[in-house]
Amino acid sequence: MQLALVHARYQLLETVRIPVAIFGSAFFPAAAMLFFVVPFAGKDPQGATFATAAMVTFSVMSANIFQYGVGVAEDRAQPWNPYTRTLPAGSAPRFAGRILAGLAVSYLSLIPLVVIAATLTSARIEPAAFLLALATVTVISVPFTLMGLAIGYALPSKAAIVVAQLVFFPLAFGGGLLSAPDQAPGFIEAIAPYLPTRGAVELMWAAVGGYSVNPLSLVMLGVWVVVLAALAGWAYRRDEGRRFS
Amino acid sequence: MNLTRAERVSRRYGDILALDQVDLDVRAGELVGLLGPNGAGKSTLLNLLVGLRRPSSGRVELFGGDPRTPAARRQLGVTPQETGLPGSLRVGEVVDFVSAHYPDPVPRAELLDRFGLTEQTRRQCGGLSGGQKRRLAVALAFVGRPRLVVLDEPTTGLDVEARHTLWEAIRAFHADGGTVLLSSHYLEEVEALAQRVVVIGKGRVLADDSVEAVRAVVGVRRVSLTADVLPALPGVVRTERTDDGRTHLLTADADQLVRDLVTTGVDFRDLEVRPTSLEEAFLAITSATQPVSA
């Protein structure tokens, strides 16, 4: 555990030294917030709160898909990674450290969103709901972390960047992150429950203010977690087999 | 006492046999040089010994255990490839990171001083010169006060001065009782450091002997000439004829061979004397009748 924290600390240091990664995952949702949420839903307390929760989900998704997808793929190309495996620790602390660092970056990249929501919109949230929302961020990180890991372990870094970009936008649109709850165009309402983004955003909406979750979305989110975990596990073992057996 | 050992170890990568039934023992206090051309299997063997890879067949031991378990690696020091240092971390941070894995690490200031990197403590690794990166990479192998240090081509690409600084550090470690296994494709480096040389070629151990014995063998030259008939000459370890009518004589003393050739009065043309590559020398010797291995 001690070592996992050490690994997390140095991975965070590396991320902070080249802040493009944090910037990237913080910028897009913050910009979307400024251009779409503030002018259109900013005046309505409930609408603004739900829209902010949707942007938080968007941010968590893109931060995780990119930092794991691209980060893991790049790390695999570096000889430093095999070197750390000659140290008297298994691969577990490094892996755990990566997850901890990833979570920290996810939370960091949410700060601008929350600041914009609090100052420029009439979004309101009770302290208890805020804490619940914070915890929910960790929960909804799970499917997107697994998706990022699957991409990062399965693909070389150039392909990983492209795939990460290809998946994250349709997931955001299709899951209805860019519309108010239950007001997305019809075809999106139809497909949304089958996408992991939907279950995730519904959990966020439920956390920030009394949205009743669609059971289908939640079940599908569970299915996604299982499928993505299997994919990530397969990609990880295949990579281990290629490089370390 | 054996710190590490390979017993009839083979390793395949797909269709390629990178190591073929290799035996190696490194005893406490030895400084062993692993010598061989690129692609001979040196790195594969070292990767097996430090637990990065698993042998296809045979057995590998490190401090009496399986090198793939973290506990067996507690007294092992390994060098990362210099290109692998994390570019955005500072020199001191990289040392601290590696230190965190050991119970009693060498203090950072002491380690960096020993490798002449004190002034670079706060520099990012990406901004170091090639020599500084290499010195840092080697220094990392010594952080955890190891009993065995495995160095894969520690000085490749370094200038003479930087190479000597590193040699000094390796010698000092050995003088304090440390055990070293290092690979190189320079005979000179192995001669300067090692007492025992293991020569690897095409995945096999070609020789395992003292530096003196190996030097005598590696000093083989190739004397090529065109002649119709050649008498038997002393000191020739091997004779080859190629299709273009050339005769190639392998010998440890080319000067004496040429003198003998001239005194026989044989009519010859296009005389050439060339050093043989390590691999060539060893393959020539080992395919000849007498074995060189001790």
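Throughout, protein chains are lettered first and strands after them, A, B, ... in sequence-line order, and every chain is numbered starting at 1.
- Counting heavy-atom pairs closer than 4.5 Å to chain B, the top-ranked of the candidates Gln78(A), Gln2(A), Glu14(A) is Glu14(A).
- Other residues, nucleotides and ligands contribute only 12 or fewer heavy atoms inside 6.0 Å of the CZ atom of Phe27(A).
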- Message: Using ring-ring contact (aromatic ring centres under 6.0 Å, His included), reason through Phe66(A) and Phe168(A) one step at a time and then give a plain yes or no.
- Response: CA-CA 9 Å; Phe66(A) 277 98; Phe168(A) 100 100; 5.3 Å; yes
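- Both the backbone and the side chain of Leu140(B) come within contact range of chain A, each with at least one heavy atom under 4.5 Å from a heavy atom of that chain.
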- Query: For Arg76(A) and Asp239(A), what are the C-alpha separation, side-chain angles and deciding distance, and is it a salt bridge (charged side-chain N to carboxylate O under 4.0 Å, His left out)?
  - Reply: CA-CA 9 Å; Arg76(A) 288 194 302 128; Asp239(A) 176 58; 3.0 Å; yes
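- For the set Leu76(B), Val50(B), Leu89(B), the entry with the most heavy-atom pairs within less than 4.5 Å of chain A is Leu89(B).
- Under the 3.5 Å distance criterion, with hydrogens and angles disregarded, a donor-acceptor pair is assigned to the side chains of Tyr107(A) and Thr138(A).
- Between Glu74(A) and Lys158(A) there is no salt bridge, since no side-chain nitrogen of the basic residue lies less than 4.0 Å from a carboxylate oxygen of the acidic one.
- When Pro67(B), Ser88(B), Ser56(B) are compared by the number of non-hydrogen pairs under 4.5 Å with chain A, Ser88(B) comes out ahead.
- At a heavy-atom separation below 4.5 angstrom, chain A is approached by Val94(B), Asp96(B), Phe97(B), Val98(B), Ala100(B), His101(B), Tyr102(B) within residues 94-106 of chain B.
- The contact between Leu87(A) and chain B is made by backbone and side chain atoms together, counting heavy-atom distances below 4.5 Å.
- In this structure, the separation between CG on Leu221(A) and CG on Leu203(A) is 6.5 Å, given to the nearest 0.5 Å.
- At a cut-off of 3.5 Å, with distance as the only test, a side-chain donor of Asn64(A) or Ser106(A) sits close to an acceptor on the other residue.
- Considering only heavy atoms from C-beta on, Leu49(B) stays 4.5 Å or farther from Arg5(B) through its side chain.
- At a 4.5 Å heavy-atom cutoff, the contact between Arg11(B) and chain A is made by side-chain atoms alone.
- Here the straight-line distance linking atom CG of Leu146(A) with atom CD1 of Ile151(A) works out to 11.0 Å at 0.5 Å rounding.
- Residue Gln75(B) does not touch chain A at all, counting heavy-atom pairs closer than 4.5 Å.
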